Amino acid sequence: MPQHVKTIGILGAGRVGTALGRQAVKAGYDVAIATAQPPETIAMIIDLLVSGAKAVAAETAARDADILVLALPLNKYRSLHPELFAGKIVIDAMNYWAPVDGAVAEFDGGEASSEVVQRFLPGARLVRTLNHIGYHELEELSLPKGHPARLALALAGDDAEARRIVAGFVDRLGYDPVDAGRLAAARKFDGGTPIFGGLLKRAEILALLDDGLPRAEAAE
C-alpha cells in the first residue's frame with residue numbers, strides 16, 4: 001500500500017459503512033465518517049459503533065481523505081455534490097436493490113451501477129469494490145496476506161493508478177485484491193452474478209472474470 005494513504009473517509013453510517021469503518025480502524029487507518037446529518041449529531045453514535053473513528057461533515061471527509069468510500073443507499077447517490085469528488089479516489093461500495101429501492105430505469109440496463117455513478121461524478125477516480133461481500137463477512141473473514149484460506153475481492157475502475165491504490169487498501173483490510181480492469185468489468189461482480197456474495201478465493205474470481213466479459217487493461 002502506498003504510504004501516503006492514511007485517512008479513509010466513509011460517506012454513510014449504516015451497517016456497511018460502520019463495518020467498513022471498524023475494519024479500517026483495525027487495519028491502522030485514520031477513519032472519518034460522514035452522513036447527511038451534522039457531525040455533532042452523529043458523533044456519539046459513531047464513537048459507539050466505530051471506536052477510533054471520528055464524525056465529520058461530508059465536505060471535510062472529501063477534503064481530507066486519501067480514499068473516499070460511498071457506503072450510502074444507492075438511491076441516494078444524486079444527493080452527492082460532484083465537485084467534492086473531483087480528483088479524489090472514490091470507492092463505490094453501493095448496490096442496487098430493486099425490491100428495496102424500487103425499479104430505477106438507469107440501473108436496469110446492461111451497465112454496472114458504478115458506470116452510472118461515474119457519469120454523475122465525472123471528476124472522481126472511481127473504483128468499484130467492497131460491494132460483493134456482506135458487511136458481517138467483511139469483518140469476520142479477513143485473514144493475513146499469504147494465508148491459504150484468504151478470500152479475494154474484485155475491483156474495477158478506469159484509472160489504473162487508483163486501482164493500484166485501492167488494491168493496497170483491500171489488501172490491508174485482509175483480502176486479496178483482484179484487478180478486473182476497466183469499470184465496465186464491474187458488471188461481472190454486480191448483484192446476481194456468481195461472484196456477488198460468493199466468498200471466493202483469488203483464482204476462483206479470476207476464472208469467473210475471464211468467463212465472458214474481457215478484462216481489458218487490467219494490467220495497464
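Values in this document were obtained by computation on a predicted structure and should not be read as measured data. Residue numbers run from 1 in the order of the sequence given. Every heavy atom of this structure was used, including side-chain atoms; hydrogens, water molecules and symmetry mates were not.
- Interatomic distance, Gln23 CD to Tyr29 OH, rounded to the nearest 0.5 Å: 11.0 Å.
- Of the possible donor and acceptor atoms, none in the side chain of Arg182 sits under 3.5 Å from a partner among the backbone N and O of Ala156.
- Contact check for Leu173 versus Leu130: side-chain heavy atoms found under the 4.5 Å cut-off.
- Glu111 contributes no side-chain N or O that, together with a main-chain N or O of Ala184, makes up a donor-acceptor pair within less than 3.5 Å.
- Taking CG of Leu72 as the reference point, atom CG of Leu80 lies at 5.5 Å (rounded to 0.5 Å).
- Minimum interatomic distance between Ile205 and Ala152 (heavy atoms only, all atoms of both residues): CD1-O, 3.4 Å.
- Residue pairs that meet the salt bridge (charged side-chain N to carboxylate O under 4.0 Å, His left out) test with at least one member in residues 19-31, sequence neighbours left out, are Lys6-Asp30, Arg22-Glu139.
- A pairwise comparison of heavy atoms in Phe85 and Leu70 identifies CE2-CD2, 3.9 Å as the closest pair.
- The side-chain heavy atoms of Phe169 and Ile89, taken from C-beta on, include no pair separated by under 4.5 Å.
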Could you walk me through whether Arg119 and Glu106 pass the salt bridge (Lys or Arg N to Asp or Glu O under 4.0 Å) check? CA-CA 11 Å; Arg119 282 198 298 274; Glu106 61 186 340; over 6 Å; no
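- Applying side chain to side chain contact (heavy atoms under 4.5 Å, CB included) to Leu155 and the options Arg163, Arg128, Arg164 leaves one that passes, Arg163.
- Between Glu204 atom CD and Ile195 atom CD1 the span is 10.5 Å, to the nearest 0.5 Å.
- Asp64 and Thr7 form no side-chain donor-acceptor contact under 3.5 Å, judged by distance and modelled atom types alone.
- Side-chain atoms of Val25 and Ser51, non-hydrogen and from C-beta on, never get closer than 4.5 Å to each other.
- Contact of the Leu208 side chain with the Lys188 side chain is not registered, since no non-hydrogen atoms from C-beta on lie closer than 4.5 Å.
- Checking each of Leu11, Thr41, Ile42 against Thr35 for a side chain to side chain contact (heavy atoms under 4.5 Å, CB included) leaves exactly one that passes, namely Ile42.
- Phe107 and Tyr96 have tilted rings, their planes meeting at an angle from 30° to 60° on a 0 to 90° scale.
- Here the shortest heavy-atom pairing between Leu20 and Leu138 reads CA-CD2, 3.8 Å.
- Counting only heavy atoms from C-beta outward, the side chains of Glu161 and Arg125 approach each other to under 4.5 Å.
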Arg172/Ile8 under side chain to side chain contact (heavy atoms under 4.5 Å, CB included): CA gap, chis, key distance, verdict: CA-CA 12 Å; Arg172 280 283 294 273; Ile8 305 300; over 6 Å; no
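- Residues Ala61 and Leu68 approach most closely at O-CD2, 3.6 Å, considering heavy atoms.
- For Ser113 (side chain) and Asn95 (main-chain N/O), no donor-acceptor pair under 3.5 Å exists by modelled atom type.
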Using the rule given for side chain to side chain contact (heavy atoms under 4.5 Å, CB included), can you reason through Arg187 versus Glu115, listing the C-alpha separation, both sets of side-chain angles and the distance that settles it, and then say yes or no? CA-CA 9 Å; Arg187 302 170 196 177; Glu115 293 176 273; 2.9 Å; yes
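- Taking all atoms of both residues into account, the shortest heavy-atom contact from Ala13 to Ile33 is CB-CG2, 4.0 Å.
- We find the OH-CG distance between Tyr175 and Leu141 to be 5.0 Å, quoted to the nearest 0.5 Å.
- The closest donor-acceptor contact from the side chain of Arg150 to the backbone of Lys201 lies at 3.5 Å or more, if one exists at all.
- With hydrophobic clusters built from ILVMFWY side chains whose heavy atoms lie under 4.5 angstrom apart, Val56 does not share a cluster with Ile67.
- Using a 4.5 Å heavy-atom threshold, the side chains of Asp190 and Asn131 count as touching.
- Residues Leu153 and Leu143 do not share a hydrophobic cluster, clusters being chains of Ile/Leu/Val/Met/Phe/Trp/Tyr side chains in contact below 4.5 Å.
- Nearest heavy-atom pair, Pro82 versus Leu121, reported as atom, atom and distance to 0.1 Å: CA-CD2, 3.7 Å.
- With hydrophobic clusters built from ILVMFWY side chains whose heavy atoms lie under 4.5 angstrom apart, Val170 shares a cluster with Val31.
- Residue Glu59 holds its CD atom at 9.5 Å from CZ of Arg63, rounded to the nearest 0.5 Å.
- Put simply, the side chain of Lys88 gets close to the backbone of Ala65: a donor and an acceptor are under 3.5 Å apart.
- Using a 4.5 Å heavy-atom cutoff, the side chains of Val117 and Leu74 are in contact.
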Show your working on side chain to side chain contact (heavy atoms under 4.5 Å, CB included) between Asp92 and Gln118 and close with a plain yes or no. CA-CA 9 Å; Asp92 177 12; Gln118 176 71 89; over 6 Å; no
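- Distance OG1/Thr18 to CD1/Ile10: 8.5 Å, rounded to 0.5 Å.
- A side chain to side chain contact (heavy atoms under 4.5 Å, CB included) with Ile133 holds for exactly one of Leu200, Val16, Leu199; it is Leu199.
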